[in-house]
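Nothing fancy with the numbering, it's 1 onward along the sequence.
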Amino acid sequence: MSSPTDSGRQHNRRTFLGVAGAMAAAAATAWTPVFQLPAAAATLAVPPGFPPTIPLSQQAFQNWSEQIAFDQVWTATPSTPQDVLAIANWAHANGYRVRAKGKQHTWSPLVAPEGSDVTKVILVDTTVHLTSVTVAAGSPATVTTQSGTTIDSLLATLEQAGYGLLESTAPGDLTIGGVLAIGGHGSGVPAAGETRPVGASYGSLSNLVLSLTAVVWDSTAGAYVLKTFHRTDADIGAFLVHLGRTFVTEVTLQVITNQRLRCQNWFDVAATDMFGAPGSNPNTLDSYLTSAGRVEAIYFPFTGPPWLKVWSVSPTKPLLSRENEAPYPYTFANFLTQQEADFLKDVEEGVVAGTPVFENAEMAIVGSGLIATGTWDIWGWSKNSLLYVQPTTLRIVEGGWAVLTARSNAQRVVHEFFTQYETLLTQFQTAGEYPLNGPIELRITGLDQPSEVAVAGAVQPLLSAVRPRPDHPEWDTCVWLDIGTLPGTPASLDFYTEIEAWIWQHYVGDYATVRPEWSKAWAHTPSGAWTNSTVITSDIPAAFRSGQPSDANWDTALAILDRYDPNRVFSNPFLDTLLP
């Protein structure tokens, strides 16, 4: 497997120039191809016999952090699910592989690993035409949407019909197909006294799926076909979170009656209090979690107080709240300041001693920005505060892990993680190294409980990071640990390697267990993310086997995916190792 990152004490000039260039274009509102050439003008050899009615172009590909980049790869633009089917059958006949391409907002190499050979790969852009959305009333209400629909579009359509989601991803410029492929999530557990709304789940968005249609191999027909799976079908468990080992064209989700949310933003509680030992003070993260259920803490290294978001259900506008009528209210967080641009140049040159000053300036921007924009206490329809990360936000790389534990131990997980994080930072700083210049982000959710699905006998997502453990029914909560930094920061990979090893070794036994956050960076060594073969081939499979039935675990999921794609048309070199 090739690494998309450099060694721990090196930095990639192309990465930083790419990031700086992307951020300088702060007026951009969506991903656009670096270049796009129709097949007739392409410099690549045109794929032989490609279906002539499906547009094909030569494009560049870049993921969110721009660490995975290809200057030229074939990209098809289907108009219908039948077009996707035609592409799959053509690829099988001609020895090509097919990768779904949404908005490219990912870190992990699930589309294609950096440095891999893409000469016989077809990216399939779902975002142009596979975007239909249909809402149906009921108990619960449902929405049927094609996989290229963005979260932005989905939530806007739901809101117009009077519906929404209990929680959502923070970026809206993601496709629903991409979100479900990796078990995307928001942040939320039941607040004290809260009754779960009809159609809601506190787990990942994959747990909302009632049915889906995918491109699968039919051995009788000797061809790929479109097949619809319902939530009670045993095989759907491998498709609900599939990591790109299939191609989903359409899903039906259960949804809730839309809610008005109040979002209060706090930036005056010391990190040592918020992330303190359980019960140590009245301002622990757990205290906010109990009262509101939906929290997110963002903490910049070498600073004092975190930026804490607290969402609470509020049917009427609180007296002190400002009504918020559109998503992405934190405009100060979605553009590149001159100071940030200067710091990017410093880090690109290996000059990192100014990191503490920079981080405190970042937190000062948060505090002053919340005040200047009047967004410290906002109220409105759910999507307008749940969505806040835009494509113009500073692009960092994030390591991510899911820690499953009992709700009563959530604060303990947070406290022990923060203590270790600070300890390691101090050790690196003492050695004159500043490996992190991005924040940690802590979110807390429930798990993918079948009881929260509106059909009896609902099958669990086999590869979901928040699939419950039958042998530990008390584990009902997931603490998501995300650690960010600018790509290529000197010593960052050493830091990630050390803290990830600690995470896997610490959250064990009857206390907790660990799984990767699929969309983020994991399996670190000093050579890069996704390079630790022990984690990839041993620790991760074990994490999805432990406590699970022998007929519904990691191996079951892989067998199902292989059965429906025995030719591995929907795979890549990285997935061939992760999901052999």
Legend entry - Within residues 132-153 or reaching into it, pairs that qualify as salt bridge (Lys or Arg N to Asp or Glu O under 4.0 Å) - sequence neighbours excluded: none

Give the table of side-chain donor-acceptor pairs shorter than 3.5 Å for residues 131-144, with sequence neighbours excluded, one pair per line with atom names and distance.
from: S132; atom 1: OG; to: Q146; atom 2: OE1; distance (Å): 3.2
from: T144; atom 1: OG1; to: T252; atom 2: OG1; distance (Å): 2.8

Using the salt bridge (Lys or Arg N to Asp or Glu O under 4.0 Å) criterion, which residues pair with [X]? Sequence neighbours excluded.
X: D235; answer: R563
X: D576; answer: R97, R568
X: R99; answer: none
X: R245; answer: D562, D565

Using the side chain to side chain donor-acceptor pair (under 3.5 Å) rule, collect all pairs that involve [range], keeping only residues at least two apart or in two chains.
range: residues 155-170; value: E159-K383
range: residues 186-195; value: E194-Y202
range: residues 441-460; value: S201-E452, S204-D448, R443-D482, T445-W480, D448-S464, Q460-R467

Legend entry - Results of side-chain hydrogen bond (donor to acceptor under 3.5 Å, both in side chains) for E500 - residues two or more places apart only: W401, W504, H524

Legend entry - Validation row, ring centre Y224 to ring centre W217 under 6.0 Å: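 For Y224 and W217, the ring centres are under 6.0 Å apart.
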
Inset, instruction - Using the test ring-ring contact (aromatic ring centres under 6.0 Å, His included), find all partners of W554 that sit at least two apart in sequence or belong to another chain. - result: F544

Inset, instruction - For Y328, enumerate each residue passing the ring-ring contact (aromatic ring centres under 6.0 Å, His included) test, keeping only those at least two apart in sequence or located in another chain. - result: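 ring-ring contact (aromatic ring centres under 6.0 Å, His included) check on Y328 returns nothing, list empty.
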
